[in-house]
Amino acid sequence: QVQLVESGGGLVLAGGSLRLSCAASGRAFSRCDMAWFRQAPGKERDFVSVIRWTDGTTYYADSVKGRFTISRDNAKNTVYLEMNSLKPEDTAVYYCAAQLWGAGARSSRQYDYWGQGTQVTVSS
């Protein structure tokens, strides 16, 4: 019902910025919580941020709070992740995820739809 395509990843120096985008197909976008997760090599997929479908409330992992900003544009069926003050430990594949009628979940197991991921590499 929802297909997700991420873009915007790349290589950046520590302290730099990147903006990830996730374009969604289908009519359900406005009824979905939209989240970003990331997975570094050899590690589990970790929660980064989520934006609620109900009122746009946002939540962040402690590791990115104050540096990353999630936003959504329902008219464009797109969710964004603005990443500032990037650190080498932010290096990972970043995944966009959607949960229909979501409740602000932080567990990847709660999400129904996933994008293919986009690589973010932060060099020191």
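- For CD of Gln119, the number of neighbouring non-hydrogen atoms (other residues, nucleotides, ligands) closer than 6.0 Å is greater than 12.
- The existence of a salt bridge linking Lys87 and Asp90 is excluded, since no basic side-chain nitrogen approaches an acidic carboxylate oxygen closer than 4.0 Å.
- Counting only heavy atoms from C-beta outward, the side chains of Leu4 and Met34 approach each other to under 4.5 Å.
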Show me the donor-acceptor pairs, under 3.5 Å and distance only, between side chains in residues 16-32 and residues at least two apart or in other chains.
unit_1: Ser17; atom_1: OG; unit_2: Asn84; atom_2: OD1; d: 2.8
unit_1: Ser25; atom_1: OG; unit_2: Gln3; atom_2: N; d: 3.2

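- What you find for Val48 and Leu81 is that their closest heavy atoms are CG1-CD2, 4.2 Å.
- Glu44 CD: 12 or fewer foreign heavy atoms inside a 6.0 Å radius.
- Panel note: side chain Gln39, backbone Ala92; no donor-acceptor pair is recorded below 3.5 Å.
- Within the 3.5 Å criterion, the main-chain N or O of Gly102 finds a donor-acceptor partner in the side chain of Trp53.
- Taking OG of Ser124 as the start and CG of Leu86 as the end, the distance is 13.0 Å to the nearest 0.5 Å.
- The side-chain heavy atoms of Arg67 and Tyr60, taken from C-beta on, include no pair separated by under 4.5 Å.
- Pairs passing the ring-ring contact (aromatic ring centres under 6.0 Å, His included) check and including a residue from residues 104-124, sequence neighbours excluded, read Phe37-Tyr111, Phe37-Trp114.
- Tyr80 and Val120 fall into different hydrophobic clusters, where Ile, Leu, Val, Met, Phe, Trp and Tyr residues are linked whenever their side-chain heavy atoms come under 4.5 Å apart, directly or through other members.
- Thr91 approaches Ala40 most closely through the heavy-atom pair O-CB, 3.8 Å.
- The list of side chain to side chain donor-acceptor pair (under 3.5 Å) pairs with a residue in residues 93-104, not counting sequence neighbours, reads Arg38-Tyr94.
- Atom CZ of residue Phe47 and atom OG of residue Ser107 lie 10.5 Å apart, to the nearest 0.5 angstrom.
- Considering every non-hydrogen atom in both Lys65 and Asp62, the closest pair reads NZ-OD1, 3.1 Å.
- Counting heavy atoms from C-beta on, the side chains of Cys96 and Trp36 come closer than 4.5 Å.
- Judged purely by atom type and a 3.5 angstrom limit, Thr58 has no side-chain atom pairing as donor or acceptor with the backbone of Ile51.
- Closest heavy-atom contact between Val50 and Gly104: CG1-O, 4.4 Å.
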